Protein chains: 2
Amino acid sequence: MDEAAGTMDMRGAETSRSRAGQENVERILDRALEIFATFGFRGTRIDQIASAAGLSKTNLLYYFRRKEDLYLAVLQRTLDMWLEPLQSLDAGGDPERAIEAYIRQKLSASRDAPAASRLFALEVIQGAPILGPVLETQLADLVDRKATTIQSWIDAGKIVAVSPRHLIYTIWSVTQHYADFAAQIRAIEGRDLSDPVFFEDTCRTVTQLVLRGILPR
Amino acid sequence: MDEAAGTMDMRGAETSRSRAGQENVERILDRALEIFATFGFRGTRIDQIASAAGLSKTNLLYYFRRKEDLYLAVLQRTLDMWLEPLQSLDAGGDPERAIEAYIRQKLSASRDAPAASRLFALEVIQGAPILGPVLETQLADLVDRKATTIQSWIDAGKIVAVSPRHLIYTIWSVTQHYADFAAQIRAIEGRDLSDPVFFEDTCRTVTQLVLRGILPR
DNA sequence: GCCAGTCTTGATCGAACGGTCAAGGGGCGG
DNA sequence: CCGCCCCTTGACCGTTCGATCAAGACTGGC
């Protein structure tokens, strides 16, 4: 598992599957995401996922022959969803609207798919043993492109001079924080993003903070 | 280990110890922090820590009879250091200086003790099974007090109206991001906070962003 | 130089875990 | 109603892991 798995594609034995089979696979992936996201790869037991999905360990291993296969499948399924929001950060419109929309999108993801956020957090905290190559290529390129977009806003005087990459990191960290550290926020506030009031409160405050930080006065 | 361990004190058998003994304990704790911080509690093997510390598994178990004892000891040793920076956020001086100092302090911690940051991140991501009670009492109180401080700045017109707690979360998330997600940043930037230039760059940008966000124009 | 208390080691145990195997159940098309 | 293929099961295997135990080595104080 310390191996980087190279290409990160895993078209693993796409055998034909009955409806029951497909439903099982999806249920396994759902539960596996949840459990991998809280215990990490090494920390989760395969039969833990199995019983959470309502089947035996052997039965699970019928669908995913190795633990690593399951982990990769989960990671794969989450990856695209994770990279997508940044794609839509477009140079076209005005930065205010674009960034406001991006923050809302990221916060929505933190509310609706907190496990996915935590899974990536775990991966990266562990040094990104699997996702490393993807980050160095796909993500790095994407960030470079978006940094250019932000730089163009700066050059046009639409926002103040600020390191584009740090701006991206800031938005990432703040928005994901509400998913990854939900337990901490729950301990302090007694609520999390699933509370509509708290969600709007968070969205407004973060947006205001960032926009005031970069908009010319 | 799913137990909350109640009081979080662990004056475990403070037996008398020779110099060699104390050195071993410290080396064990150092290595354990590093390894727990990347693999989590369930994910780390006890002999992994032992060999990293240069002794046998049995020998390590002489100092910490159970794996959980070691984990608690590591957590305990890191906790105070982690809560401390926020303490110094004082209402006395002007908010600009106070927050600037706080951000620098947190970023310094992320640079000098990234493993400690990651360990807490892992704990919280897992739902804070151990630290939960501490967060609900100690941390919640501390945050409440500091939120009052920030509110007093708002009332005095020194900073704009902003949810004090969200402001704290923002600063936490951004500064800790550079420790917890160092692998991701390294994949994109090719460097991290240990690079003095990058450190100052980060410090300046984050400070500027936050201060512009809350200072009256 | 002896002794008590501290440290270190290797052998070993039981449980947990990832994974295999062989056998049987069940549904769907012909 | 038959046979094929997908699914499900339980028994089992080898390894790993946390933890124990008994026995010996080292060290500092007297």
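For clarity, every value in this text was computed on a predicted model and none was experimentally measured. Naming: A, B, ... by sequence-line order, numbering from 1 per chain. FYI, side chains are in, hydrogens and waters are out, and symmetry mates aren't considered; it's all heavy atoms of this structure.
Formation of a donor-acceptor pair under 3.5 Å by the A/K67 side chain with backbone atoms of A/T44 is found in this model. With A/S110 contributing its side chain and A/T175 its backbone, the two residues share a donor-acceptor pair below 3.5 Å. Judged purely by atom type and a 3.5 angstrom limit, A/T148 uses its side chain to pair as donor or acceptor with the backbone of A/D144. Under the 3.5 Å distance criterion, the side-chain polar atoms of B/K57 are left unmatched by any main-chain donor or acceptor of B/R45.
When the C1' atom of D/dC7 is taken as reference, atom CZ of A/R27 falls 13 Å away, rounded to whole Å. A straight line from CG of A/D47 to P of C/dA16 spans 10 Å, rounded to a whole angstrom. Atom CD1 of B/I28 is separated from atom C1' of C/dC7 by 11 Å (rounded to the nearest Å). The interatomic distance linking B/E23 (CD) with C/dT8 (C1') rounds to 16 Å, in whole Å. Taking atom CD1 on A/I49 and atom P on C/dA16, their separation rounds to 18 Å, with Å as the unit. The distance between atom CD1 of A/I46 and atom C1' of C/dG19, rounded to the nearest whole Å, is 8 Å. Protein atom CZ of B/R42 is 15 Å distant from nucleotide atom P of D/dC17, rounded to whole Å. One can place CG of A/L70 at 15 Å from C1' of C/dC17, the figure rounded to the nearest angstrom.
The number of heavy atoms from other shown groups lying within 6.0 Å of CZ (A/R31) does not exceed 12.
For A/L61, the side-chain atoms get nearest to C/dG19 when compared with the rest of C/dG19, D/dA19, D/dC17.
Figure legend: A/R191 and A/F198 shown without cation-pi pairing, the cationic atom not lying both under 6.0 angstrom from the six-membered ring centre and within 45 degrees of its axis.
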Any N/O pairs under 3.5 Å between the protein and nucleotides 9-16 of chain D? List them or say none.
unit_1 : atom_1 : unit_2 : atom_2 : d
D/dG10 : O6     : A/T58  : OG1    : 3.3

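Ring planes of A/F41 and A/F36: parallel class, angle under 30° (limits at 30 and 60°).
For the OP1/OP2 pair of D/dC6 and a distance below 4.0 Å, the side-chain nitrogens and oxygens of A/Y63 include no atom meeting the criterion. When the side-chain nitrogen and oxygen atoms of B/N24 are compared with OP1 and OP2 of C/dT6, none of them lie within a distance under 4.0 Å.
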